[in-house]
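Heads up, the thing below is written out as structure tokens.
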Amino acid sequence: MKRKHKITGTVAAAGILAASMAITASAAQITEESARSIVLTSVGISAESALYMEVELDHDDGMQIYEVELLTDDYREYGFEINAENGAVLKMEYEWEAAPVAKTGAVATVTLEQAKALAIAHAAQSVEGVTFQKAKTDLDDGRILYEIEFYTTDRKEYEYEIDAVTGNIIKWEYDAKHHKPVTETVNPAPAQNENSPSTAVSGVEAAKAIALKQAGLSSASVRWGKVKPDYEDGRLIYEGEFYYNNLEYEFEIDAATGGIVDWDVEEDD
């Protein structure tokens, strides 16, 4: 891999991440050597380019997994979790602490929207196929960073930190432990009522609208707390809270059906 990832260069190299998610082993139980090969192929390097590589067989949620740690000769750190039964990559983490730091006083040359596009391309996804949870600017050890988080319709989660000056991807994480193909029926639809429409929730604002309808209130009359998507028991939900007079409302809404799966109202102390 090249030491610097500019906007165009990183997008062109996006196949590494996409390929890693498609790699599987044909054997019923893959070997440690197979796990090593999966990691090296995913990263796109040879064994000679690894300064350090450790593989350990472990258990997680009743599943045998290989935990693999890798450090490359240009000081990029990778962590993998691989299903020991079929070789599927369940989780990946990357960090490049040795990436060049811009000079003091440098200004951002990459916009937040460009960084979002860069992250989507690196993950081999499309704008239409992802929902953003976070996209903001931060400062860390002298870097101007964009922190970006999104998930896909089939429940793969991605997190990125991108240098706003150089366009380098400093850190990223991929989590497919909640992955469910979109063709599957993940959960049966809960019992519906007039305030729980049987349609998918398209985002935070749609979830707010459902909650307001349940409460019989308008957005102008309430004060919102945090409302965000989350995963619970293998399904995507929107959870949030809002306040009206001295009452606190908390809710959870099934993202697939729009049904309210948890509703709580109490006095706000």
Hydrophobic clustering (ILVMFWY, side-chain heavy atoms < 4.5 Å, transitive) - are [Y] and [X] grouped together?
X    : Y    : result
V130 : I162 : yes
L212 : I260 : yes
W224 : I237 : no
I30  : M92  : yes
I170 : Y94  : no

Exercise for review: Classify the side-chain pair Y249/Q214 by whether it contains a donor and acceptor separated by less than 3.5 Å.
Suggested key: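 No, Q214 and Y249 have no side-chain donor paired with an acceptor closer than 3.5 Å.
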
Practice item. Would you kindly say whether S34 and S37 are connected by a side-chain donor-acceptor distance under 3.5 Å? Key: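 No, no side-chain donor-acceptor contact under 3.5 Å.
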
Check your understanding: Any donor and acceptor pair, going by atom type alone, linking the side chain of S221 with main-chain N or O of L217 inside 3.5 Å?
Key ->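 No, because the side chain of S221 does not come within donor-acceptor range (under 3.5 Å) of the backbone of L217.
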
Exercise for review: Show the numbers, then the answer: is there a side-chain contact (heavy atoms from CB on, under 4.5 Å) between I253 and V201?
Suggested key: CA-CA 8 Å; I253 297 172; V201 181; 3.9 Å; yes

Point to revise | salt bridge (Lys or Arg N to Asp or Glu O under 4.0 Å) evaluation trace for E149 with K134 | key: CA-CA 5 Å; E149 297 179 13; K134 179 193 291 186; 3.4 Å; yes

Exercise for review: Using side chain to side chain donor-acceptor pair (under 3.5 Å) as the criterion, list what pairs up with E161, not counting sequence neighbours.
Suggested key: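 Here no residue qualifies.
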
Point to revise | Aromatic ring pairing Y78/W172, orientation class (parallel under 30°, perpendicular over 60°, tilted between) | key: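 The rings of Y78 and W172 stand perpendicular, inter-plane angle above 60°.
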
Point to revise | Aromatic ring pairing F251/F242, orientation class (parallel under 30°, perpendicular over 60°, tilted between) | key: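 The rings of F251 and F242 sit tilted, inter-plane angle from 30° to 60°.
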
Review point. Can you tell me how far the CG atom of N83 sits from the CD1 atom of I65, to the nearest 0.5 Å?
Key: 9.0 Å

Review point. Going from CD on E97 to NZ on K171, what distance comes out if it is rounded to the nearest 0.5 angstrom?
Key: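 If we round to the nearest 0.5 Å, E97:CD and K171:NZ are 8.5 Å apart.
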
Practice item. Please step through side-chain contact (heavy atoms from CB on, under 4.5 Å) for the pair F80 and V89, ending with a clear verdict. Key: CA-CA 7 Å; F80 281 72; V89 176; 4.1 Å; yes

Practice item. Decide yes or no on side-chain contact (heavy atoms from CB on, under 4.5 Å) for L51 and T72, but give the supporting numbers first. Key: CA-CA 5 Å; L51 290 181; T72 67; over 6 Å; no

Review point. Knowing that exactly one of L112, L118, V110 qualifies, which makes a side chain to side chain contact (heavy atoms under 4.5 Å, CB included) with Q114?
Key: V110

**Study point:** Given Y146, Y174, F150, the one that forms side chain to side chain contact (heavy atoms under 4.5 Å, CB included) with Y160
**Key:** F150

Exercise for review: Please confirm whether K116 makes a cation-pi placement over F132, using NZ or CZ under 6.0 Å from the six-membered ring centre and within 45° of the ring normal.
Suggested key: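 Yes, a cation-pi geometry.
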
Point to revise | Pairs flagged by salt bridge (Lys or Arg N to Asp or Glu O under 4.0 Å) wherever residues 30-55 is involved - sequence neighbours left out | key: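 The answer is E32-R36.
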
Practice item. Quick one: closest heavy-atom pair of A35 and V55, and the distance? Key: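 Scanning both residues, the minimum pair turns out to be CB-CG1, 4.4 Å.
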
Review point. Between L40 and S46, which heavy-atom pair has the shortest distance, and what is it?
Key: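 L40 and S46 have their closest heavy atoms at CD2-O, 4.0 Å.
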
Point to revise | Note: K156-D154 ion pair, threshold 4.0 Å (strictly below) | key: yes

**Study point:** Pair R76 + E95: basic N to acidic O under 4.0 Å
**Key:** no

**Study point:** From CA spacing to verdict: side-chain contact (heavy atoms from CB on, under 4.5 Å), L139, L145
**Key:** CA-CA 6 Å; L139 293 173; L145 293 176; over 6 Å; no

